[in-house]
Amino acid sequence: MRRVIILGSTGSIGVQALDVIAANRERFEVVGLTAGSNAEALAEQARRFGVSQTALGADDSVRLVESVQADVVLNGITGSVGLGPTLAALRSGVSLALANKESLIVGGSLVTDAAAPGQIVPVDSEHSAIAQALASGTRAEVRRLVLTASGGPFRGRTREELASVTPAEALAHPTWDMGLVVTTNSSTLVNKGLEVIEAHLLFDVPFDDIEVTVHPQSIVHSMVEFVDGSTIAQASPPDMRLPISLGLDWPHRVPGVGVPLDWTTAQQWTFEPLDSVAFPAVELAKRVGRAGSTYPAVFNAANEQAVQAFHAGAIGYLDILDVVERVVDEHEPREMSLEGVLEAERAARESADRLIARR
């Protein structure tokens, strides 16, 4: 029986994690729940699962992690506000099932230095796929990691054609429903850029050895290429319950959590190169990742401001990446500490807002 704390329990990841746990009560016990602001939904979840320890907000999430004994903490919080809870979970020594990619990306060495070997278990479907594929060989045998991207709703469009994209169109993702910011990030490929940085930090693979390929069917979730020419891929229908279940009970698999592929019907999987002219976010993210320090925090914060401004009608679709790149170019690195990261984020948001106001 694994004792589980779920941070961000009322969000998409948290709700699906509770679905997995509800179907496997003999395997998991929920001992803590936190949410950002939805107190009513949090209270209903606590009643349903018999949980006495709950909290609202990131600061209270940290206190709950520090005070409640658990085996695994699932961080499903959205945004860099999840950094404090991530560090608290690592300090507590529990297994960290990490869906909150932003905390790893903005925290960088703060997070990786705090983590024991194997303590962080990725929940993003792409990184879960890589973790599974890496079981096929040793680290020294890895040639490169290949992250798959659906291509989002605008796959195949030129940069010129993207200029007129509306907020409603940016939220019409063909496969996933992930909320306003993440769904928009998937359309701009910023989300894939963040995942490249995440893969570098999780698996200690150089950026030159991390590639992105467009796979619109979203069946192959990522691949590992080995030095002998073999490529190991993890394939399954797009359902986050599978990587969530692995995060909760790594390295063990939870029977029946996902529906397998149907090999009795004809199907076709396609792969195509990423158009880095129309979608420059991945290359910008690699540049930011190589720079390290507080640059990834600035990249993420400026993007969040620009996405909100786009949906408010203040800027156009192509302006999102233009704003982000300008903020990154103007950034002067801060000290790599929690305070330094938070200060870099604050400055980046202010810089982004100034640029947005001029457009």
Side-chain angles (χ1 to χ4, degrees), residues 1-9 11-33 45 48-51 65 68-77 85-86 89-90 92-101 104 111-112 114-139 141-142 145 148 195 198-199 201-204 219-224 226 232-261 263:
M1 178 76 71
R2 301 205 83 189
R3 296 163 296 181
V4 180
I5 294 173
I6 300 178
L7 310 180
S9 65
S12 174
I13 293 294
V15 168
Q16 291 178 84
L18 289 173
D19 287 345
V20 171
I21 292 170
N24 295 275
R25 296 282 190 134
E26 77 291 345
R27 199 165 185 145
F28 305 109
E29 177 190 4
V30 184
V31 295
L33 295 168
Q45 289 176 336
R48 180 183 170 204
F49 286 88
V51 179
V65 168
V68 177
Q69 190 173 20
D71 300 302
V72 57
V73 171
L74 170 62
N75 189 346
I77 295 172
T86 281
L90 294 174
S92 71
V94 302
S95 176
L96 173 63
L98 188 62
N100 174 235
K101 69 168 67 68
L104 175 60
V111 175
T112 56
Q119 189 178 5
I120 300 176
V121 181
V123 171
D124 270 353
S125 61
E126 295 83 357
H127 303 86
S128 176
I130 289 171
Q132 294 173 65
L134 284 171
S136 297
T138 67
R139 172 64 187 85
E141 294 172 327
V142 174
L145 309 181
T148 56
E195 288 174 0
E198 183 181 7
L201 292 167
L202 282 170
F203 305 114
D204 193 28
I219 297 296
V220 174
H221 296 288
S222 278
M223 299 171 274
V224 176
F226 291 93
I232 304 298
Q234 187 269 324
S236 60
D239 185 340
M240 283 303 296
R241 289 171 181 82
L242 193 155
I244 288 169
S245 68
L246 281 166
L248 293 176
D249 207 11
W250 183 264
H252 308 293
R253 295 183 181 273
V254 179
V257 74
V259 177
L261 294 166
W263 299 105

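Side-chain contact between Ile13 and Met240: present, with at least one pair of heavy atoms (C-beta onward) separated by less than 4.5 Å. Contact check for Asp249 versus Phe28: side-chain heavy atoms found under the 4.5 Å cut-off. Residues Glu195 and Ser222 fail the side-chain proximity criterion, which asks for heavy atoms closer than 4.5 Å. For the pair Pro85 and Ile77, the minimum side-chain heavy-atom distance is below 4.5 Å. Using a 4.5 Å heavy-atom threshold, the side chains of Pro243 and Gln16 count as separate. Considering only heavy atoms from C-beta on, Ile120 comes within 4.5 Å of Leu90 through its side chain.
The CD atom of Gln234 sits 8.0 Å away from atom CG of Leu246, with the distance rounded to the nearest 0.5 Å. Atom CD1 of Ile21 and atom CZ of Arg48 lie 10.0 Å apart (nearest 0.5 Å). If you take CG on Asn24 and CZ on Arg2, they are separated by 13.0 Å, rounding to the nearest 0.5 Å. The distance from the CG atom of Leu145 to the CG atom of Leu134 is 6.5 Å, given to the nearest 0.5 Å. If you take CD on Gln45 and CG on Leu18, they are separated by 5.0 Å, rounding to the nearest 0.5 Å. The structure places NE2 of His127 at 6.0 Å from CG of Leu202, a figure rounded to the nearest 0.5 Å.
A side-chain donor-acceptor contact under 3.5 Å links Asp239 to the backbone of Arg241. Remark: the backbone N or O of Val94 is paired with a side-chain donor or acceptor of Gln119 at under 3.5 angstrom.
Taking all atoms of both residues into account, the shortest heavy-atom contact from Leu248 to Ala17 is CD1-O, 4.4 Å. Across Ala70 and Val31, no two heavy atoms sit closer than the pair CB-CG2, 4.0 Å.
Counting only residues at least two apart or on different chains, the side-chain hydrogen bond (donor to acceptor under 3.5 Å, both in side chains) pairs with a member in residues 250-261 are Gln132-Arg253.
None of Val121, Val123, Asn75 except one satisfies the side chain to side chain contact (heavy atoms under 4.5 Å, CB included) rule with Leu98; the exception is Asn75.
Partners of Leu201 under the side-chain contact (heavy atoms from CB on, under 4.5 Å) rule, at least two apart in sequence or in another chain, are Leu104, Thr112, Ile197. Applying the side-chain contact (heavy atoms from CB on, under 4.5 Å) criterion to Ala235, with sequence neighbours excluded, gives Ile219, Val220, Leu261, Trp269.
More than 12 heavy atoms of other shown residues, nucleotides or ligands fall within 6.0 angstrom of atom CD in Glu141.
No side-chain donor-acceptor contact under 3.5 Å links Ser128 and His221.
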